[in-house]
Engineer: 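Here it is, the structure, as structure tokens.
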Amino acid sequence: MDTSDLYRDITDSARSAPGWVQTAFEVWTELGLLIFGFLFIAVWWRGRGQRNTRAVALAVLAPLATAFAYVVSETVKVFVQEERPCRAVANAAASLSVCPEPGDWSFPSNHSAIAGAAAVALALALRRLVLLTLPIAALMAYSRVFVGVHYPHDVAVGLVGGGIVAALFVLALTGPVGRIAASMRASGNPTAMWFTGPGSARRT
């Protein structure tokens, strides 16, 4: 897959963009991660107050699924070993961000995999969040091309792949984690009950 021409077009537009736009895209990748972190906490806190422990299970699994998607993405990187476009693409505009060191491979984009996984996992925990999480994830993925450190296909595969991995992870483990949460609620242990919330131990 060769998306070098599209990479050149995007990085050319990045270099000609106003300074504040360049800065906004450089900041957005990390800011997006912070927003997802806040949403993980908010969804968990909401889940604690629900009567059924499935809500708690989904909330707990969201960051775990995101971490698992990152591990999968990093494993694929090691095997594919695609060079970064900021070194490999001829006649491309200089990247806005510092080009990662050799050996820090490009495919797939870890940031995009994390974004896709977080967006899907959070939406599974609270459906209406999809209207917020998917645009955040898509913009995070695009920003990695805009600042010049990834090809378009890196971020597309990372975004979709991360979402798929997270969905499978959550669907596979919701039942077992829900049962564990129910046991924790019924245990009477203050720490366990604080973590899972004071809701009923009955699962639905």
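Residue numbers count from 1 along this sequence. These numbers come from the heavy atoms of this one structure, side chains and all, not from hydrogens, waters or symmetry mates. Not measured: the values here are computed from a predicted model.
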Engineer: In sequence, state the C-alpha distance, the side-chain angles, and the governing distance for Arg15 and Leu96, and then conclude on side chain to side chain contact (heavy atoms under 4.5 Å, CB included).
Structural biologist: CA-CA 7 Å; Arg15 274 294 168 187; Leu96 297 180; 3.6 Å; yes

Engineer: Tell me whether Leu132 shares a hydrophobic cluster with Leu31, the cluster being built from Ile, Leu, Val, Met, Phe, Trp, Tyr side chains joined at under 4.5 Å.
Structural biologist: yes

Engineer: Is the backbone N or O of Pro100 less than 3.5 Å from a side-chain atom of Arg87, with the two atoms forming a donor-acceptor pair by type?
Structural biologist: yes

Engineer: Can Phe68 and Leu64 be said to form a side chain to side chain contact (heavy atoms under 4.5 Å, CB included), step by step?
Structural biologist: CA-CA 6 Å; Phe68 182 70; Leu64 296 179; over 6 Å; no

Engineer: Are the side chain of Arg54 and the backbone of Gly178 linked by a donor-acceptor contact shorter than 3.5 Å?
Structural biologist: no

Engineer: I need the minimum non-hydrogen distance between Leu122 and Val43, along with the two atoms involved.
Structural biologist: CD2-CG2, 3.9 Å

Engineer: Give the cluster check for Leu139 versus Tyr7: same hydrophobic cluster or not, with ILVMFWY residues linked at side-chain heavy-atom distances below 4.5 Å.
Structural biologist: yes

Engineer: Near Phe40 CZ, under 6.0 Å, is it more than 12 heavy atoms from other residues, nucleotides or ligands?
Structural biologist: yes

Engineer: Hey, could you give me the CG/CG distance between Leu39 and Leu126, rounded to the nearest 0.5 Å?
Structural biologist: 9.5 Å

Engineer: Check whether any side-chain heavy atom of Met140 sits under 4.5 Å from a side-chain heavy atom of Leu159, and report yes or no.
Structural biologist: no

Engineer: When rounded to the nearest 0.5 angstrom, what is the spacing between CZ in Arg84 and OG in Ser95?
Structural biologist: 10.0 Å

Engineer: Let me confirm one number: the CG-OG1 distance from Asp154 to Thr3, rounded to the nearest 0.5 Å.
Structural biologist: 6.5 Å

Engineer: For the residue pair Ser187 and Ala192, what are the closest heavy atoms and their distance?
Structural biologist: OG-CB, 3.9 Å

Engineer: So, for Ala92 and Thr11, which heavy atoms are closest and what is the spacing to 0.1 Å?
Structural biologist: CB-OG1, 4.4 Å

Engineer: Measure across Gln22 and Ala17 and return the closest heavy-atom pair with its distance rounded to 0.1 Å.
Structural biologist: NE2-O, 3.3 Å

Engineer: With under 30° as parallel and over 60° as perpendicular, where do the rings of Trp45 and Trp194 fit, or are they tilted in between?
Structural biologist: perpendicular

Engineer: Taking the side chain as C-beta and beyond, is there a heavy-atom pair between Phe25 and Val21 under 4.5 Å?
Structural biologist: yes

Engineer: In this structure, which one of Val157, Val89, Val145 forms a side-chain contact (heavy atoms from CB on, under 4.5 Å) with Tyr151?
Structural biologist: Val89

Engineer: Within the distance-only criterion (no hydrogens, no angle test), does the side chain of Ser73 pair as donor or acceptor with the backbone N or O of Ala69 below 3.5 angstrom?
Structural biologist: no

Engineer: For Arg8 and Ala93, indicate whether the former's side chain and the latter's backbone hold a donor-acceptor pair under 3.5 Å.
Structural biologist: no

Engineer: Find out if a path of hydrophobic residues (ILVMFWY) with successive side-chain heavy-atom gaps under 4.5 Å connects Leu33 to Ile136.
Structural biologist: yes

Engineer: If the plane angle is over 60° it's perpendicular, under 30° parallel, otherwise tilted; pick one for Phe146 and Tyr142.
Structural biologist: tilted

Engineer: Can you tell if the side chain of Val80 reaches within under 4.5 Å of the side chain of Trp105, non-hydrogen atoms only?
Structural biologist: no

Engineer: Could you tell me whether the side chain of Leu34 reaches within less than 4.5 Å of the side chain of Phe38, counting heavy atoms only?
Structural biologist: no

Engineer: Quick one: are Asn189 and Met184 in side-chain contact, heavy atoms under 4.5 Å?
Structural biologist: no

Engineer: By the definition side-chain hydrogen bond (donor to acceptor under 3.5 Å, both in side chains), identify the one residue from His153, Lys77, His150 that meets it with Glu82.
Structural biologist: His153

Engineer: Identify the two heavy atoms, one from Arg185 and one from Gly47, that lie closest to each other, and give their separation to 0.1 Å.
Structural biologist: NH2-O, 3.7 Å

Engineer: Membership question, hydrophobic clusters at under 4.5 Å side-chain separation (ILVMFWY): are Val120 and Leu173 in the same one?
Structural biologist: yes

Engineer: If you look at every heavy atom in Val98 and Val149, which pair is closest and at what distance?
Structural biologist: O-CG1, 4.0 Å

Engineer: State yes or no: do Trp44 and Ile180 share one hydrophobic cluster built from I, L, V, M, F, W and Y residues joined by side-chain heavy-atom distances below 4.5 Å, directly or via other members?
Structural biologist: yes

